[in-house]
Structures are given as structure tokens and as C-alpha cells.
Amino acid sequence: MNTSQETLLVTGATGANGTELLKLLSHHGIPARAMVRKASALADLPGVELVQGDFDDPTSLPLEGVDRAFLVTNSSERAETQQLAFVEAAKKAGVRHIVKLSQFAAQEDSPVRFLRYHARVEAAIRESGMEFTFLRPNLFFQGLLGFADLIKSGKLMAPIEEARVSAVDVRDIAAVALAAMTEEGHSGRTYTITGPESLSHADFAAALALATGHSVDFIPVSTEAFGSALRSFGMPQWQAEGLLEDYAHYNRGEAETVFPTVEEVTDQAPRKFADFARDYASLF
Ligand SMILES: NC(=O)c1ccc[n+]([C@@H]2O[C@H](COP(=O)([O-])OP(=O)(O)OC[C@H]3O[C@@H](n4cnc5c(N)ncnc54)[C@H](OP(=O)(O)O)[C@@H]3O)[C@@H](O)[C@H]2O)c1
């Protein structure tokens, strides 16, 4: 691992992937800047320096002197504009290498809006001439944390039948990101990142039941019912529609394949869903 004096910037620092990456950098004694919009407990991690920046204001981006940047935003309607502006600002500021969190099967002609915007940002990064590593993870295990109350009540619902998904633990995505941000040899690579097995949502429910000791039943629901539930939780329409497109893509069996990337890049086997369920059981 390269612990040289390179300056590393982690965006989306308070989010799922950014936080896990910063924990790993800190654990390995590698200093990093964490881009945030407000005060954060991340400042307590040894070696982490908070820097202010807002994707909606490209002039605020703290890119001065940065060698490598980890780029992640949430998937909102503004994500593409925010990320393209970041790429342009990074190029101008002389950033050498961008590690971009993309998504499994990113493609410009995909019927899934998230996959289209990720592919367009990847294309812009390629065209910029900066070094790049694209991380394309499949569905995150940790996404289920958003449904923790429902799971506590014994139910897991999603608009999917038996189709399996090679979902992955965010901690393993962060381990690949750590390698890409701190080692040589990952430039120009596109890494599709999955867990070690392909599971149905009924399999997720069974593993959660085993880990928590209470029953968890998987109930397939219609696209319409799931969409209304997402809207009632306050999810913006563009995002809710995107999630339904994601689920249609899973239902078509397009996200089943298992890739050996985590083990190849990190020398560690990726966590199984059962490991995730055990580690997070108290939240479910
Ligand atoms: N969920 C999945 O299963 C899945 C699978 C594959 C790929 N992905 C991709 O993963 C990405 C999301 O990653 P994640 O889950 O780690 O992120 P996340 O937990 O949603 O966190 C988003 C981060 O972006 C920051 N942010 C939002 N708006 C900002 C702004 N205007 N300026 C600066 N920072 C801003 C947030 O900071 P604040 O704390 O300030 O809000 C937060 O740190 C998306 O691109 C998605 O397509 C998701």
C-alpha cells in the first residue's frame, strides 16, 4: 500500500461508501480529506481532515492540491450535473486520478436511468484524460437498513419474484476503493463488484430471520405498491422511478452474475449476506 504524501479527497464522505472508505484509510494510517457540507463525527477518525464542499457549487469544491479523488454522490436528479461539474473542476485543478463509484452494468443505452447517468459520467472521465478507476458495485446489502423497521416487524417487501442478485457488502466495496486510492496498478480499470453468491430476496429474508431470531417473511409486491410506499417515505419521484427501474433490471435476471473482483483486488473473500445479517442483526 502506498502511504506516500499523496493528497486524497473522499467525497460523499458521510454516506455509506465514503464513511467505510475513510474508516479503512484511517485504520491504515493514511491521511485523507473528507468533503462534507457540515460538521461530522468523521473528524474524530485519526488522519481525517474535514474540508467543506458542495457539489451544487463547483467553485466550493476543495480540489486544490488533490492527487486522487473518490467521487460519489447520491443518485438524485442532479447527480449527473454534479458529477460532470466535479470532473471538469478536478481536471482544471490538476487532480491525477479519479476513483468513481458507478454501478453494476452501467451503460449509456440502459433502460435504468441510474445506469445511463453513471455511464455518461464514466465517459466524461475517460475523455478528460485523467487516470481513472471505475467501481461498479451491485445492489448494496446495507440498502436494507432503510427498511429496518419493516424487517423488525417481520416483513421484507420488494417488487421482485425469484430472481437472484449478486448483492455486495459496502465494506467490501470500500476495500476495493482503498486499493484503487492508495496503490498503483488500478488506473484504467473498470471493476464490477459483487458479493460471493447470488441470492433471491427470500434468501435475504431467511438469513435475516436466522441472524435476528425472529421471523422475516419475504412478500413480493407490485411495482405500483412499492412505488407508492417509496413516495410515502418522502423519496423524490425521479429517484423512486429509478429504483423501480433497478428492480425491473434485477427481475430480468440481469444482475445475477458473481464476479471475483473483491478477492482479486483485496486478497480477501467478500462477505456473505449471512455475515452482514449477523453483523447488523441488532438493527433488524
Ligand atoms: N444503493 C445501492 O444498492 C447501489 C448499488 C450500486 C451503486 N450505487 C450508487 O452508489 C451511490 C451512492 O453511494 P452511497 O450509498 O455511499 O451514498 P449515500 O449514502 O447516499 O451518501 C451520499 C453522500 O453524498 C453527499 N452529498 C449529497 N449531496 C451533496 C452535495 N450537494 N454536496 C456535497 N455532498 C453531497 C451526502 O452528504 P450529506 O451528509 O451532506 O447529505 C452523502 O455523504 C449512487 O451513485 C448509486 O447509484 C448504489
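Only this structure's heavy atoms are used, side chains among them; waters, hydrogens and symmetry mates stay out. In listed order, ligands and their atoms are each counted from 1.
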So, E20 and K23, do they make that salt bridge, N to O below 4.0 Å?
yes
Enumerated ligand 1 atoms positioned under 4.0 Å from heavy atoms of G53
33 (C)
Please report whether ligand 1 has a polar contact with Y117, defined as an N or O pair separated by less than 3.5 Å (distance criterion only).
yes
Within-shell test, N138 vs ligand 1, heavy atom, strictly < 4.0 Å:
yes
Check whether any side-chain heavy atom of E264 lies under 4.5 Å from a side-chain heavy atom of F259, and answer yes or no.
no
With the side chain counted from C-beta on, respond yes when V262 and V176 share a heavy-atom pair under 4.5 Å apart, and no when they do not.
yes
Tell me, please: is R136 in heavy-atom contact with ligand 1, that is, under 4.0 Å?
no
For atom 31 (N) of ligand 1, find the nearest protein heavy atom and state the residue, atom name and distance (0.1 Å precision).
D54 OD1, 2.9 Å
Give the atom numbers and elements of ligand 1 that come within less than 4.0 Å of a heavy atom of H118.
45 (O), 46 (C), 47 (O)
With the threshold set at 4.0 Å, does a side-chain nitrogen-carboxylate oxygen contact exist between E184 and R68?
yes
Is there a heavy atom in A79 that sits closer than 4.0 Å to ligand 1?
no
Closest non-hydrogen protein atom to atom 24 (O) of ligand 1, residue and atom name please, with distance?
G12 CA, 3.8 Å
When you measure from atom 5 (C) of ligand 1 to every protein heavy atom, which one gives the shortest distance, and what is it?
F140 CE2, 3.2 Å
From P137, S75, S60, G15 - option closest to atom 6 (C) of ligand 1 by heavy atom
P137
According to the interplanar angle, ranging from 0 to 90°, do the rings of F273 and F204 count as parallel (below 30°), tilted (30 to 60°) or perpendicular (above 60°)?
tilted
L101 heavy atoms within 4.0 Å reach ligand 1 at atoms 10 (O), 11 (C), 13 (O)
When you look for heavy atoms under 4.0 Å from ligand 1, do you find them on the side chain of A13, its backbone, both, or neither?
backbone
State whether K152 and D149 are salt-bridged, where the test is any N-O pair (Lys NZ or Arg NE/NH1/NH2 against Asp/Glu carboxylate O) under 4.0 Å.
yes
the protein heavy atom lying closest to atom 7 (C) of ligand 1 turns out to be S102 O, 3.4 Å
Which option, R113, M35, R78, R37, owns the non-hydrogen atom nearest atom 40 (O) of ligand 1?
R37
Atom 32 (N) of ligand 1 [closest protein heavy-atom partner, distance rounded to 0.1 Å]
F55 N, 2.9 Å
Evaluate Q83 for polar contact with ligand 1, using N/O atom pairs at a separation under 3.5 Å.
no
Should R96 and E6 count as side-chain neighbours, where that means a heavy-atom distance under 4.5 Å?
yes
Mind checking whether L22 and F140 sit in one hydrophobic cluster, side chains of I, L, V, M, F, W, Y counted as touching below 4.5 Å?
yes
Counting non-hydrogen protein atoms only, what is the nearest one to atom 13 (O) of ligand 1? Give residue, atom name and distance.
V72 CG2, 3.4 Å
Could you tell me, atom by atom, which parts of ligand 1 come under 4.0 Å of a heavy atom of Q82?
31 (N)
So which heavy atom in the protein is nearest atom 36 (C) of ligand 1, and how far is it from that ligand atom?
T14 OG1, 3.8 Å
Who's the nearest protein heavy-atom neighbour of atom 20 (O) of ligand 1, and how far?
N74 CB, 3.5 Å
Out of all atoms in ligand 1, which are within 4.0 Å of some heavy atom of L139? Include the element for each.
3 (O)
Taking the side chain as every heavy atom from C-beta outward, state whether R78 and T73 have any pair of such atoms under 4.5 Å apart.
no
Option with minimal heavy-atom separation from atom 12 (C) of ligand 1, where the choices are L42, T73, N17:
T73
Are side-chain heavy atoms of F218 and D203 found at a separation under 4.5 Å?
no
Give a yes or no on whether the ring-centroid distance for F114 and H249 is below 6.0 angstrom.
no
Do H186 and Y191 make the cut of ring centroids closer than 6.0 angstrom?
yes
Return the orientation label for the F141 and F276 ring planes: parallel under 30°, perpendicular over 60°, tilted otherwise.
tilted
